[in-house]
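Since the structure comes first, as C-alpha cells, the remarks are kept for the end.
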2 protein chains.
Amino acid sequence: MTVTLADVAARARVSPATVSRVLNGNYPVAASTRERVLLAVRELDYVPNGPASSLAAATSDLVGVLVNDIADPFFGIMAGAAQSAIGEGAGGRGGAEKLAVVCNTGGSPERELTYLTLLQRQRAAAVILMGGSLEDPEHLAATSGKLARLTEAGTRVVLCGRPPVPGDTGAAVLVFDNRAGARLLTEHLLALGHRRIGYVAGPADRTTTRHRLEGHRQALAAAGVPEGPTVHGPYDRRSGHEATAGLLARDPDLTAVVAANDTVALGVCAALRERGLSIPGDVSVAGFDDLPFSVDAVPALTTVRLPLHAAGARAGRLATGAEELPPGGPAVVPVELVLRGSTGAPRG
Amino acid sequence: MTVTLADVAARARVSPATVSRVLNGNYPVAASTRERVLLAVRELDYVPNGPASSLAAATSDLVGVLVNDIADPFFGIMAGAAQSAIGEGAGGRGGAEKLAVVCNTGGSPERELTYLTLLQRQRAAAVILMGGSLEDPEHLAATSGKLARLTEAGTRVVLCGRPPVPGDTGAAVLVFDNRAGARLLTEHLLALGHRRIGYVAGPADRTTTRHRLEGHRQALAAAGVPEGPTVHGPYDRRSGHEATAGLLARDPDLTAVVAANDTVALGVCAALRERGLSIPGDVSVAGFDDLPFSVDAVPALTTVRLPLHAAGARAGRLATGAEELPPGGPAVVPVELVLRGSTGAPRG
DNA sequence: ACCCCGATAGAAAGCGCTTTCTGTCACGGA
DNA sequence: TCCGTGACAGAAAGCGCTTTCTATCGGGGT
C-alpha cells in the first residue's frame, strides 16, 4: 500500500520517532541521521498521513475561509489575498505549510453553520468568515455559540468585513467602515447639487446593507434632504437592472442613484441607458467596492473603494497568528471615495 | 476537554462501537438504542474528530478544487458550481457531507504541486483541477506523476477546462472546445469584412492560450487572410490596455481585436477609447468566456460563451462519483458564439 | 580514574475513531 | 424441552503518527 513513516524508519535504520523528529524539526537530530532519513523519504516518495498527524498532534494545518459568494470578485479578491498571506506565513507546526481552503456558503446561514461544523470536525487551525452576515437573532446566536466552541477548541477565528457577533467569542474582527463610505458618497452627491437620490440596497437583514443605508441616511439627514426611494435586492446586475424601474416609478425626477455595489451599479446603468437616460447627464450613478471592472465601465464608476486585498491579507495574518489585533473591539478598516465619470452635477 | 465518542458512549450506556455504528449508519442498531445515542450526541454537543475518522477509515470527505485565480469570476463561477454540486451529492461514507474546498494556485505550478501534496496528505476523496495548465514538459511530468499517485491512493481526479496530462493517470477530463470557439469568433469577424485582426493572447505556454490561438489561425488560414499582430499577456484588464498600443504600433490599420478573455477585452476597449477610436465604428473588439459583466460593457461585448456553471457542476458530480464519464478520452464541452454590439463591419 | 551531564536515539503509550471478531439473548421449529 | 438462528451489542485490535519517558554514549570537571 502506501508508504508509512515506519517504512521510512526501516529504510533509514532508525526508529519511527526519529523520522517524526526529522520531519517536524522540533528536536535535535544529528546531521548524519537527518540526511539518512531525508534520503529515505525521497527514495520512497513518502507523503505523511495528514489525518494521523492531526490526530496525534491534536491540531491540523487547515485554515477555512468562508465566503458568501465565490463567484463575486469582492470575495475572490479578499479570499485570494488571505490565502496568499497564509501560504507565505509558512511555518506552522514544524514549518508545515497551512492549507487555506475557501468554502462557499452562498450566503446561506445553514451552509455557513454546516461548514463551521465540518471545519470543527477537521480541527481546523483557523477559520475566517468573510462578508456581511444575516442579522436574524436566532442565526446570530447559533453562530456565536459555534464560534465560541471553535475558539475553545483552539481554532483561531477571524471575522473580516463582518461585525462582531454577540457574546465574547474570542474572534479577531476586521470591519469596513461602510457607514462612513456611504456617507461620503452621499455627501458627494449632495455637494454636486442632487436632492432626489434613489438607493438600490443589498439584501435586507444583512449587516452590510444596513450599515451602508445608515451612512446614506446620516448624510441626507445632516443636509436636511428627504430620503428618496429605496429598493432591496441581491448583489447582482440583474437586481440593479430591475430595481431601476421601481425607483423611477416612485420618483421620475430622480437625478442620482446609489447602488449596493459596483455590480448592481452596472445593472442600473444598463437600465437607465435602455430608457434613453444619459449618465451622468440625466442621472448620476455611484457604486461601492471599486471592483476591477469599475474603472472600465462607461462612464467609469464613482464608487467607494474598500481595500479588499489589504484586508484579506490582514485577515490571513490574523488567522495564522502572524499578526495580533490590539484589544478593544473590532479594527475598523478605512474606505475611500473614488470620484469618476458616472457622477456629475444634475441638469439645470 | 472536547467531547469524544467514548463520552457519548458512556452517557448513552452503550459501547463506543455502537455509537460509531449509529453515526455512520452502516450496521443494524435497534431503534431504541439509536435514539439513546442520538440524544446523548445532542446533549453533549458532540462533534466527531475528523482526523481520527479519516485515519481509522482510511478516507476523508475533503474534495479539493484547484483554481488558477480565485479573484477571477471565470474560476469563481466554475468553483462555486462544483462546490454546490458536491454539497448536494450529500451522501459519502454514511451520508456524511463532503467538504469542498477551493485552493488558489495563482497559476504557479509549484503551488499547484504543493496543494496536490497537501491534499494527498489529507487523503482527499477527490481533486478537481480547473483551468489551463502550463505546457512545460517537466511540470507536466511532475503533475502526471502526482495525479497517478493520487488515483492509486483512491482519490478521484477530475480535470475541468484543462487537457489530459500525458500518461494514463485515470483522471476524468472535461475540456472546453476553445479551438472551435476561437474559430467561430474569427469567422464572424471575417464575415463582417475584417482583414486586419489583432490578437491579445493569454500567457504563452498555457494550453488555453494555445488552443484559442490555433482556432483563430485555422479560421484565418481557411479564408486565406494573413495573421495580424499578436501580443501575449496575463488575463487582466491591464494586459489588454497595454497590449493595444503594441498592436496598433505594429498595424495602425487594424479594424478588429480579439482578446484572450472578456477582462482583457475591457482593457482593450478602454485603450482604444483613450485614443479616440470608437467601438465598433473604428475597431471591433471581441472577448472570450462571457463573464457576467460583459453584457453591461459599452458597447456590450461580442464573445464566446463557455458554460462555466454547467461544466463546474459536472466536474463536481464527477468528483463525487455521482456521474461517470464514458470512456474514450476527454469529454468536450461545446461553446457558443454570442454576438453583441462590440463587433461590426469595418468602415469603408 | 570517577561521576555527572549534554546530546541523541529508541520504546512505548496513546490520539479518537472504525471494524472485525465474538459473544449474548430471545425466539421459533422439531 | 432443546438447539439452531437471527438480531444486536461489546471487546479489542489496529489506523499512522507524536511525544513523553528512558537509555546510551562520549566527554569534561575535579
Side-chain angles (χ1 to χ4, degrees), chain A residues 1-38 40-41 44-61 92-96 120-123 125 153-154, chain B residues 1-38 40-41 44-61 92-96 118 120-123 153-154:
Chain A
M1 263 280 288
T2 20
V3 180
T4 73
L5 184 144
D7 300 330
V8 175
R11 176 153 192 119
R13 322 199 110 272
V14 297
S15 73
T18 300
V19 176
S20 172
R21 295 198 265 249
V22 168
L23 262 25
N24 295 298
N26 46 17
Y27 200 84
V29 174
S32 63
T33 312
R34 174 196 316 288
E35 283 314 315
R36 206 140 37 88
V37 169
L38 290 178
V41 165
L44 297 177
D45 195 13
Y46 169 63
V47 175
N49 181 310
S53 306
S54 298
L55 174 57
T59 73
S60 86
D61 36 16
R93 284 183 333 89
Q120 186 183 355
R121 283 181 65 134
Q122 300 298 328
R123 303 296 187 259
Chain B
M1 264 281 289
T2 21
V3 179
T4 73
L5 183 142
D7 299 330
V8 175
R11 174 151 194 120
R13 322 201 113 271
V14 297
S15 73
T18 300
V19 176
S20 171
R21 294 197 267 248
V22 168
L23 262 26
N24 295 299
N26 46 18
Y27 200 84
V29 174
S32 62
T33 312
R34 174 195 316 287
E35 283 314 315
R36 206 141 34 90
V37 171
L38 290 178
V41 166
L44 296 177
D45 195 13
Y46 169 64
V47 175
N49 181 309
S53 306
S54 297
L55 174 56
T59 72
S60 85
D61 37 17
R93 282 183 333 88
L118 251 25
Q120 185 183 355
R121 283 183 65 136
Q122 301 296 330
R123 304 297 188 257

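Per chain, numbering begins at 1; letters A, B, ... match sequence-line order.
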Once you round it to whole Å, what is the distance between [atom2] of [N] and [atom1] of [X]?
| X | N | atom1 | atom2 | answer |
| --- | --- | --- | --- | --- |
| A/R21 | C/dA12 | CZ | C1' | 12 Å |
| A/D7 | D/dC15 | CG | P | 12 Å |
| A/Q120 | C/dG16 | CD | P | 14 Å |
| B/L44 | C/dG16 | CG | C1' | 15 Å |
| B/L23 | C/dT19 | CG | C1' | 15 Å |
| A/L55 | C/dA13 | CG | P | 17 Å |
| A/R13 | C/dG10 | CZ | P | 11 Å |
| B/N24 | C/dT18 | CG | P | 5 Å |

In terms of the nearest nucleotide of DNA chain D, which residue is placed more toward the 5' end: A/L5 or B/S15?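 So the residue in question is B/S15.
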Looking only at side-chain N and O atoms, does [X] come under 4.0 Å of OP1 or OP2 in [N]?
| X | N | result |
| --- | --- | --- |
| A/S54 | C/dC15 | no |
| B/Y46 | C/dG16 | no |
| B/T4 | C/dG16 | no |

Using heavy atoms to find the nearest nucleotide of DNA chain C for B/V47 and A/R36 separately, return the residue whose nucleotide is more 5′. A/R36
Heavy-atom nearest nucleotide on DNA chain C for A/P16 versus B/A17: which residue maps closer to 5'? A/P16
For [X], report the nucleic acid contact type (base, sugar-phosphate, nothing); a contact means any heavy atom under 4.0 Å.
| X | answer |
| --- | --- |
| A/V29 | sugar-phosphate |
| B/S20 | base |
| B/P48 | sugar-phosphate |

Side chain of [X], heavy atoms from C-beta onward: which of [options] has the nearest atom to it?
| X | options | answer |
| --- | --- | --- |
| B/A30 | D/dC15, D/dT18, D/dC8 | D/dC8 |
| A/T33 | D/dA9, C/dA9, C/dC17 | C/dA9 |
| B/V14 | C/dG10, C/dG16, D/dG10 | D/dG10 |

Answer yes or no: is there a side-chain heavy-atom contact under 4.5 Å between [X] and [Y]?
| X | Y | result |
| --- | --- | --- |
| B/L38 | B/V22 | yes |
| A/Q122 | B/D61 | yes |
| A/V19 | A/V14 | yes |
| B/L23 | B/V41 | yes |

Checking side-chain contact (heavy atoms from CB on, under 4.5 Å) between A/Y46 and each of A/V3, A/V37, A/T2, which is the one that passes?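 Considering A/V3, A/V37, A/T2, a side-chain contact (heavy atoms from CB on, under 4.5 Å) with A/Y46 is found only for A/V3.
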base_contact_polar (D/dG16 base, B/R123 side chain, donor-acceptor, <3.5 Å): no
Under 3.5 Å, is there a donor-acceptor pair between the side chain of A/R123 and the main chain of A/S60?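 No; judged by distance alone, with no hydrogens or angles, the pair does not exist.
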